[in-house]
Every structure is written in C-alpha cells, then in structure tokens.
A.B. asks: 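For reference, the structure I am asking about is given below.
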Amino acid sequence: MTKPRIIVTRRWPEKVENELKSFTDAALNETDEVFGPERLKAALKEADAVLCTVTDAMTADILAEATQAKLLGNFGVGVNHIDLKAADEAGLTVTNTPGVLTDATADIAMTLLLMAARRAGEGERMVRAHAWSGWGPTQLLGTAVSGKTLGIIGMGRIGRAMAHRCHFGFGMDIVFYNRSPVSNSGIPGARQLATVEDVLQASDFVSLHCPGGGANRHLINADRLQAMKPTAFLINTARGDVVDEAALASALKAGAIGGAGLDVFEQEPAVHPDLLGLENAVLLPHLGSATRETRVAMGELVIKNLKAFLNGETPPNQVRAS
Ligand code: DGY
C-alpha cells in the first residue's frame with residue numbers, strides 16, 4: 001500500500017519526525033528554512049497533508065492551490081495565520097494542538113510578569129555590560145508582585161493556568177474578561193468583569209490570553225493603554241497583533257504604564273524598533289511552548305490528528321471556521 005505523502009514545513013524534534021516517517025512518505029525540512037508562498041503552494045499541490053506552523057502565512061491565495069492536500073495539521077494551538085474560511089472552501093480540514101502547551105505558555109507569561117516587575121532584564125544587561133558597581137539600597141527597585149491584582153483577558157486554558165499560578169503561588173486577586181460567561185474559573189474569588197476596560201482599570205498586571213486576528217486585532221490600543229493604571233504592567237503571550245505595538249511603545253516611553261513583557265510581536269521576527277531601546281519592556285522570542293517536552297507533545301498531537309484523518313475519522317482537534 002502506498003504511504004500518504006506528507007510535507008512538514010519546519011524542523012520538528014527528532015522523536016516525532018521519526019514517528020511520522022514510520023507510517024508516511026514524509027518530506028522533512030532538514031534546513032528549517034521558512035517556506036515562502038511558492039513553496040507552500042507547491043506543498044499543497046503535492047502532498048496529501050501539509051503539517052504547518054505559525055511561521056506559515058496560509059492566506060486565501062495560497063490555500064486556493066490545494067489541489068492534492070486535504071489536511072492542514074498545524075503544529076501549535078493558535079491558527080490566526082490560517083485563513084480558515086479559505087481552507088474550508090479549498091476542502092482542507094484544519095487541526096491544531098490545544099492542551100499540551102498550556103503549562104509551558106503560562107510559565108512564560110509568569111516569567112515575563114516577574115521579569116518586568118523586578119526589572120530582571122535591566123539587571124542582567126547591567127551585569128553583562130560590567131556596569132554593576134555593587135549592591136545599593138535604592139538600586140533597580142521594582143514592583144512587588146505578591147498580593148496584587150492580576151487581570152486576565154481570555155479565560156481559556158492558558159488564562160486559567162496563569163491565574164492559577166498567580167493566585168496560588170503569589171496570593172494575587174484575579175479579575176478577568178472573557179467573551180462568554182465562565183461559570184467556574186477554578187480560582188477562589190476570581191471575578192468576571194463586564195468589559196475589557198473594567199479589567200484594565202482594576203489590574204496591577206494584565207495578561208493577554210485571547211486568540212489573535214479578527215476582532216482581537218489591536219484589542220489593546222492607545223485608548224485602552226490609557227485606561228490602565230500608570231503603574232501597571234502588560235504581559236502578552238497570546239498573539240502580537242492583539243496589541244498595537246506602536247501605541248504600546250509610546251505608552252511605555254511616556255510612562256503611561258509601568259512596563260510590559262512580550263513574547264509575541266505583530267510582525268515576527270521583526271520587533272517595533274521603539275520597543276528595542278526601552279528598559280521597561282521585556283522582550284522574548286516567542287518562547288511560549290518552547291520546552292523539549294512540550295514540542296514533542298505538540299508533534300505527537302499533530303500525528304494523532306493526522307492518523308485519525310487518514311483513518312477516515314474526525315480528528316480530535318479539528319478547527320472549524322466560525
Ligand atoms: C502556539 O501554539 O500557538 C504557539 O504560539 C506556537 O504557534
């Protein structure tokens with residue numbers, strides 16, 4: 001029996017690449033070079049399934065070339081880089097990898113929160129630059145985290161995991177905004193507020209955990225940054241386009257908010273040039289799910305979805321256009 005032809009757009013952990021090779025005719029991306037539009041189109045014409053990820057902009061014109069492919073197995077939970085409606089029209093089933101990266105991503109949100117509050121990036125830069133002259137009572141004073149209020153925008157799996165860390169680990173009060181009502185957040189005393197503004201006004205730290213794209217593009221804009229406390233911190237591990245980066249850079253420069261911790265950017269890998277020079281911004285290179293364990297689990301989940309699809313079943317993590 002001929003094996004299904006599979007194209008993987010990026011390098012995966014060896015364990016999951018080997019697993020994939022054991023039951024498919026897999027073309028792996030040995031160089032890990034990001035596919036351009038033409039290579040993505042060719043993949044959709046050649047393979048039965050294309051296993052893509054966040055660095056592949058699957059736009060309508062690219063998806064329209066899917067003459068052979070029937071499955072887009074996304075390595076990652078966020079699918080805002082895929083035009084879901086166009087994928088549907090092209091007869092493609094789309095799957096993603098929810099659940100397995102929840103803790104890793106919440107850990108990075110926590111890392112950013114602590115680094116921003118305690119000025120850890122600034123301190124590290126000072127030490128490496130041989131600019132540290134020794135301990136001082138007023139040196140690099142940060143902001144206390146314990147007992148403060150955390151505002152979560154998007155109380156899904158990752159939002160809850162972040163709330164859990166902050167409440168049980170740091171005694172923080174939790175308020176949150178979520179599009180639909182959340183009957184039980186699992187966090188004692190957590191309060192769902194009516195609007196994004198309500199959360200921004202009430203919080204010492206705001207952590208974004210909503211999907212990117214669509215109506216969430218620039219959800220955090222100049223007006224909403226203005227609504228935050230001048231001492232508050234904004235943490236983004238969701239998607240870069242949820243925040244208007246230019247407006248954020250202006251707010252940080254003007255001291256309109258206390259600081260920010262960002263793991264995602266509007267035009268990755270580019271970062272708004274004004275952010276790069278700001279000491280009150282902690283900037284990480286999209287590390288949310290970057291642990292060995294999590295990346296293997298993500299690959300295994302893509303394979304689980306692929307196997308179900310090849311067996312004629314509905315994949316467990318099918319994503320549908322809304
Ligand atoms: C995710 O899973 O969405 C990560 O951000 C990588 O795409």
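The residues of the chain are indexed from 1 along the displayed sequence.
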A.B. asks: Strictly distance-based, threshold 3.5 Å: is any side-chain N or O of E268 a donor or acceptor partner for the main-chain N or O of F265?
C.D. replies: yes
A.B. asks: Is a side-chain donor or acceptor of S203 paired with a backbone partner of V206 at a separation under 3.5 angstrom?
C.D. replies: no
A.B. asks: Please collect all ring pair (Phe, Tyr, Trp, His ring centres under 6.0 Å) contacts where either partner lies in residues 299-322, sequence neighbours excluded, each pair once.
C.D. replies: none
A.B. asks: Do E124 and R128 pass the salt bridge (Lys or Arg N to Asp or Glu O under 4.0 Å) test, and can you show the C-alpha distance, the side-chain angles, and the key distance before you say yes or no?
C.D. replies: CA-CA 6 Å; E124 224 241 355; R128 286 182 189 274; 2.9 Å; yes
A.B. asks: Output yes when a side-chain donor or acceptor of N221 lies under 3.5 Å from a complementary backbone atom of D244, and no otherwise.
C.D. replies: no
A.B. asks: Check for a donor-acceptor pair, side chain of Q139 on one end and backbone N or O of G134 on the other, with a separation under 3.5 Å.
C.D. replies: yes
A.B. asks: Determine, for F23 and K307, whether the Lys NZ or Arg CZ falls below 6.0 Å from the six-membered ring centre while staying within 45 degrees of the axis.
C.D. replies: yes
A.B. asks: I need the full list of side chain to side chain donor-acceptor pair (under 3.5 Å) pairs touching residues 180-192, with sequence neighbours left out, sorted by first then second residue.
C.D. replies: N178-S180
A.B. asks: Does any part of the side chain of R160, heavy atoms only, come nearer than 4.5 Å to the side chain of I187, both counted from C-beta?
C.D. replies: no
A.B. asks: So, using side-chain contact (heavy atoms from CB on, under 4.5 Å) as the criterion, who are the partners of D25 when residues are at least two apart?
C.D. replies: K3, R5
A.B. asks: Please check this pair: side chain of T31 against backbone of E33, looking for a donor-acceptor N/O pair closer than 3.5 Å.
C.D. replies: yes
A.B. asks: Could you note down all residue pairs passing ring pair (Phe, Tyr, Trp, His ring centres under 6.0 Å) where residues 224-264 supplies at least one of them, sequence neighbours left out?
C.D. replies: F205-F233
A.B. asks: Taking R295 for its side chain and S289 for its backbone only, find out whether a donor-acceptor pair lies under 3.5 Å.
C.D. replies: yes
A.B. asks: Minimum heavy-atom separation for A104 to T291, with atom names?
C.D. replies: CB-CG2, 4.3 Å
A.B. asks: Salt-bridged, K41 to E38, with N to O below 4.0 Å?
C.D. replies: yes
A.B. asks: Taking ring pair (Phe, Tyr, Trp, His ring centres under 6.0 Å) as the test, write out the residues that go with H286, two or more places apart.
C.D. replies: none
A.B. asks: Checking F168 now: which residues fulfil ring pair (Phe, Tyr, Trp, His ring centres under 6.0 Å) with it, not counting sequence neighbours?
C.D. replies: H164
A.B. asks: For Q68, which residues count as a side-chain contact (heavy atoms from CB on, under 4.5 Å) partner, sequence neighbours excluded?
C.D. replies: D48
A.B. asks: Out of curiosity, T195 OG1 to Q201 CD, how far, rounded to the nearest 0.5 Å?
C.D. replies: 7.0 Å
A.B. asks: Treating N311 as the side-chain partner and A308 as the backbone partner, does any N or O pair qualify as donor plus acceptor under 3.5 Å?
C.D. replies: no
A.B. asks: Salt bridge check: are E266 and R239 linked by an N-O gap of less than 4.0 Å?
C.D. replies: no
A.B. asks: Who are the ring pair (Phe, Tyr, Trp, His ring centres under 6.0 Å) partners of F176, not counting sequence neighbours?
C.D. replies: none
A.B. asks: Whether the side chain of T24 engages the backbone of L20 through a donor-acceptor N/O pair (distance < 3.5 Å, no angle test) should be reported.
C.D. replies: yes
A.B. asks: Do E17 and K21 meet the salt-bridge criterion of a basic N to acidic O distance under 4.0 Å?
C.D. replies: no
A.B. asks: Mind checking what makes ring pair (Phe, Tyr, Trp, His ring centres under 6.0 Å) contact with F75, not counting sequence neighbours?
C.D. replies: W12
A.B. asks: Applying side-chain contact (heavy atoms from CB on, under 4.5 Å), can you list everything that pairs with N317, at least two apart in sequence or on another chain?
C.D. replies: N96, P98, L301, N305
A.B. asks: Quickly, which of D56, N29, D32 forms a side chain to side chain donor-acceptor pair (under 3.5 Å) with R10? Name it, please.
C.D. replies: D32
A.B. asks: Does any N or O in the side chain of H167 come within less than 3.5 Å of the main-chain N or O of M172, such that one atom is a donor and the other an acceptor?
C.D. replies: yes
A.B. asks: Could I get the full list of side-chain contact (heavy atoms from CB on, under 4.5 Å) partners for T314, not counting sequence neighbours?
C.D. replies: Q318, R320
A.B. asks: Of all the heavy-atom pairs spanning G73 and T95, show the shortest one and how long it is.
C.D. replies: CA-OG1, 3.3 Å
A.B. asks: With a 4.5 Å cut-off on side-chain heavy atoms, are C166 and M110 touching?
C.D. replies: yes
A.B. asks: What are the two closest non-hydrogen atoms of L208 and V243, and how far apart are they?
C.D. replies: CD1-CG2, 3.4 Å
A.B. asks: Taking the side chain as every heavy atom from C-beta outward, state whether L262 and V282 have any pair of such atoms under 4.5 Å apart.
C.D. replies: no
A.B. asks: Side chain of H272, backbone of D274: donor and acceptor closer than 3.5 Å?
C.D. replies: yes
A.B. asks: List in chain and number order the residues that pass side chain to side chain donor-acceptor pair (under 3.5 Å) with R165, two or more places apart in sequence or in another chain; answer none if no residue qualifies.
C.D. replies: D103, D107
A.B. asks: Mind checking whether M58 and D83 have side chains closer than 4.5 Å, heavy atoms only?
C.D. replies: no
A.B. asks: With side chains defined as the heavy atoms from C-beta onward, is the minimum distance between L92 and L63 less than 4.5 Å?
C.D. replies: yes
